[in-house]
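Just the heavy atoms: all of them, side chains too, but no hydrogens, waters or symmetry mates, feed the values below. Throughout, a chain's letter reflects where its sequence line sits, starting with A, and its residues are numbered from 1.
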There are 2 protein chains.
Amino acid sequence: MRSMPAAPSPSKAERTRSTLQHAALARFLEHGVEATSIAEIAADAGVTERTFYRHFPSKQHVLFADYDARLGWFRQALFLRPPGEPVTTSVRIAVESFPYDAALHQIAVLRSNQLEQELVQAHIKTVQAEFSREIAQFLLDRTGAAPASDEAYQISITAQCVAAVMFTATETWFARGDLDVQELSRLVDLGLRSLKSGIA
Amino acid sequence: MRSMPAAPSPSKAERTRSTLQHAALARFLEHGVEATSIAEIAADAGVTERTFYRHFPSKQHVLFADYDARLGWFRQALFLRPPGEPVTTSVRIAVESFPYDAALHQIAVLRSNQLEQELVQAHIKTVQAEFSREIAQFLLDRTGAAPASDEAYQISITAQCVAAVMFTATETWFARGDLDVQELSRLVDLGLRSLKSGIA
DNA sequence: CATGAAAATGTCAACGGTGACAAAATATGT
DNA sequence: ACATATTTTGTCACCGTTGACATTTTCATG
């Protein structure tokens with residue numbers, strides 16, 4: 001086969017990965033996530049089951065394929081805030097400038113397909129934990145809190161609470177059905193403000 | 001075999017369950033959780049793997065065997081608070097009167113055995129979510145917040161934050177090593193107070 | 001004690017996921 | 001074009017978990 005002209009021809013791995021992703025999403029949409037087996041996806045893509053796992057750590061990850069990138073984006077957004085700025089502001093801005101609309105399209109597709117709650121929910125918890133760690137790390141770095149100190153403890157709690165706001169907001173937003181990004185922003189803001197002013 | 005005299009002789013299922021639990025914990029302590037396979041546990045107990053899963057929903061659950069009971073205890077503690085009382089007080093008292101010492105003995109054993117973090121951590125997240133739901137339900141009932149309202153949303157966040165305090169407190173407590181129950185209570189109290197006064 | 005329903009367990013097959021190692025495909029330098 | 005190192009994929013074996021169905025054990029009742 002002749003080599004492609006200019007385009008940095010995707011490596012075989014990249015092609016395989018893409019083929020797998022398309023095969024998976026196609027079946028997911030048609031039959032649902034649980035009803036689709038890795039064997040079927042692999043067969044559609046013309047590879048072995050084992051190869052699937054060389055490109056995606058789990059079935060869930062095909063759906064959340066670009067979440068890692070977004071987590072990196074979030075870390076970057078935190079990191080780029082000026083050092084002098086109050087950390088609360090830094091976190092608020094990073095959270096509020098998160099591209100929810102792009103991130104949530106995949107999940108919207110899922111919701112439309114009924115069921116799958118437990119499966120997806122479990123994965124959401126993992127993602128939430130990652131965001132929580134990310135925020136905690138940022139706060140620890142910026143405040144220079146001593147490890148194992150009460151201050152570090154309170155920072156851990158803070159991080160988990162902020163992550164809880166992010167995810168409860170999107171959850172509530174979905175549950176209500178009216179998918180307006182403005183409304184999502186309002187919920188995030190409302191949640192963060194209620195954290196700041198104290199929980200009653 | 002002769003029947004036992006007085007004691008309400010445990011049913012066969014109860015005996016099997018107990019045998020499995022002991023076999024599992026013995027192996028867990030000696031070789032660690034991950035290094036112990038269900039097949040081994042079942043063999044030690046003289047039953048099939050399938051039977052193991054008839055008594056415990058997962059390997060993790062053998063460790064957290066009585067967590068369900070404690071969750072029930074917690075729900076009861078919440079429920080028993082007088083209806084007139086401010087819900088914040090109800091939750092605080094229920095959380096603070098939780099028998100952490102008894103609950104955490106099993107986890108202490110684990111920590112001593114190194115590794116296993118991811119596995120156990122994942123299960124902790126699940127348990128935390130259950131507590132969170134429990135608290136949220138209580139708050140929703142007591143306040144009569146309309147579903148899908150902003151108030152209900154904020155209650156969801158509150159519940160997750162309180163649960164985060166409970167678990168971050170025990171985690172921090174463990175990490176510090178000085179296993180004094182007084183200190184654990186102090187951490188819980190500190191966390192709850194910082195929630196109340198607002199997160200900075 | 002016999003009998004039959006209900007409970008407990010065994011058997012079998014399947015799926016999701018992972019490690020170890022072998023085989024094949026690809027890229028690279030000569 | 002050739003030889004070689006590197007990537008990519010296949011093969012195999014295993015573990016955790018679950019559903020469906022068959023078999024055995026237990027237990028109440030006649």
Side-chain angles (χ1 to χ4, degrees), chain A residues 1-4 7-21 23-25 27-28 31-65 115-123 125-126, chain B residues 1-4 7-21 23-25 27-28 31-65 115-123 125-126:
Chain A
M1 190 189 295
R2 295 231 150 267
S3 61
M4 293 290 166
S9 59
S11 72
K12 177 164 190 181
E14 280 164 343
R15 268 178 291 137
T16 306
R17 181 189 157 95
S18 174
T19 308
L20 277 168
Q21 185 169 8
L25 290 179
R27 278 206 179 256
F28 287 172
H31 311 290
V33 177
E34 293 182 293
T36 301
S37 78
I38 307 290
E40 290 167 350
I41 300 174
D44 285 1
V47 295
T48 312
E49 299 181 40
R50 194 65 186 83
T51 293
F52 173 90
Y53 288 106
R54 291 216 175 79
H55 295 277
F56 299 96
S58 84
K59 196 156 72 159
Q60 312 302 312
H61 280 77
V62 188
L63 278 169
F64 294 80
L115 59 151
E116 333 278 8
Q117 268 94 358
E118 298 108 71
L119 228 27
V120 176
Q121 214 57 18
H123 201 267
K125 265 186 291 190
T126 305
Chain B
M1 190 187 298
R2 292 231 149 270
S3 61
M4 294 292 166
S9 58
S11 72
K12 176 165 192 179
E14 281 163 344
R15 269 178 290 138
T16 304
R17 182 189 157 95
S18 174
T19 307
L20 277 168
Q21 185 169 8
L25 291 179
R27 277 205 179 256
F28 286 172
H31 310 291
V33 176
E34 293 181 291
T36 300
S37 79
I38 307 291
E40 290 167 348
I41 300 174
D44 284 1
V47 297
T48 312
E49 300 182 38
R50 193 67 185 80
T51 293
F52 173 90
Y53 287 104
R54 292 217 175 79
H55 294 277
F56 299 97
S58 85
K59 195 155 74 160
Q60 311 302 312
H61 278 78
V62 188
L63 277 171
F64 295 80
L115 59 149
E116 334 280 7
Q117 268 94 356
E118 299 106 70
L119 228 28
V120 175
Q121 215 56 18
H123 200 266
K125 267 186 291 191
T126 306

S.K.: Would you mind reading off the distance between A:R17 atom CZ and D:dT9 atom P, rounded to a whole angstrom?
M.R.: 12 Å

S.K.: Report yes if some heavy atom in the side chain of B:L25 is under 4.5 Å from a heavy atom in the side chain of B:L63; otherwise report no.
M.R.: yes

S.K.: Provide the closest heavy-atom pair for A:F56 versus A:H61 in the form atom of the first, atom of the second, distance.
M.R.: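 Smallest interatomic distance, heavy atoms only, reads CD2-O, 4.1 Å.
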
S.K.: Could you check whether A:H55 gets within reach of a base, just the sugar-phosphate, or nothing at all, counting any heavy atom under 4.0 Å?
M.R.: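 Here A:H55 touches the backbone only, sparing every base.
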
S.K.: Once each nucleotide of nucleotides 12-20 of chain D is scored for protein heavy atoms under 4.0 Å, what B/S/- sequence comes out, 5' to 3'?
M.R.: ----SBBBB

S.K.: List the atom pairs, donor and acceptor, that lie under 3.5 Å between side-chain atoms in residues 35-43 of chain B and the rest of the protein, sequence neighbours left out.
M.R.:
| unit_1 | atom_1 | unit_2 | atom_2 | d |
| --- | --- | --- | --- | --- |
| B:T36 | OG1 | B:G32 | O | 2.7 |
| B:S37 | OG | B:A39 | N | 3.4 |
| B:S37 | OG | B:E40 | N | 3.2 |
| B:E40 | OE1 | B:S37 | N | 3.1 |

S.K.: Using the side-chain contact (heavy atoms from CB on, under 4.5 Å) rule, pick out the option among A:R15, A:R54, A:H55 that qualifies with A:L20.
M.R.: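 Output: one option passes, namely A:H55.
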
S.K.: Separation of B:E14 atom CD from C:dT9 atom P, in whole Å?
M.R.: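 The answer, rounded to whole Å, is 11 Å.
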
S.K.: Of all the nucleotides listed (D:dG10, D:dT9, C:dT9), which has the minimum atom distance to the side chain of A:T48?
M.R.: D:dG10

S.K.: Can you list everything that forms a side chain to side chain donor-acceptor pair (under 3.5 Å) with B:S18? Sequence neighbours excluded, please.
M.R.: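 In terms of side chain to side chain donor-acceptor pair (under 3.5 Å), with neighbours along the sequence ignored, B:S18 is linked to B:H22.
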
S.K.: If we ignore hydrogens and angles and just use 3.5 Å, is the side chain of B:T48 paired with the main-chain N or O of B:R50 as donor and acceptor?
M.R.: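 No, because the side chain of B:T48 does not come within donor-acceptor range (under 3.5 Å) of the backbone of B:R50.
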
S.K.: Under 4.0 Å, counting only non-hydrogen atoms across every strand here, what does A:T51 touch: a base, just sugar-phosphate, or nothing?
M.R.: sugar-phosphate

